[in-house]
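Source: prediction; values computed, not measured.
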Amino acid sequence: MIALPVKSGGRVEANQPLVVMESMKMEMPLCAPGAGVVGQILVEVGSQLSAGQVLMELVAE
């Protein structure tokens, strides 16, 4: 993962990027499905991710 533009407790809007992953020099943002509040963040910038890994909690509004 190369970027984490949100912080725990922060409000997010629908389609706002939550994390940015990189694979084979391509950046892939993962966006919020709807408005909400970021709960616990379970990853750090620079960490390698696994398939099915939970990255963060998002509480819908």
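- One distance of note links CD of Q16 with CG of L58; it measures 9.5 Å at 0.5 Å rounding.
- In this structure, the side chains of L18 and L55 stay at 4.5 Å or more apart for every pair of heavy atoms.
- With a 6.0 Å radius and a threshold of 12 heavy atoms from other residues, nucleotides or ligands, E57 has its CD atom above the threshold.
- Placement of M1 and M56 within a single hydrophobic cluster is found when ILVMFWY residues are connected by side-chain heavy-atom separations under 4.5 Å, directly or transitively.
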If you look only at distance, which donor and acceptor atoms sit under 3.5 Å apart when one is on a side chain in residues 23-49 and the other is two or more places apart or in another chain?
residue: S47; atom: OG; partner: E44; partner atom: O; Å: 2.6

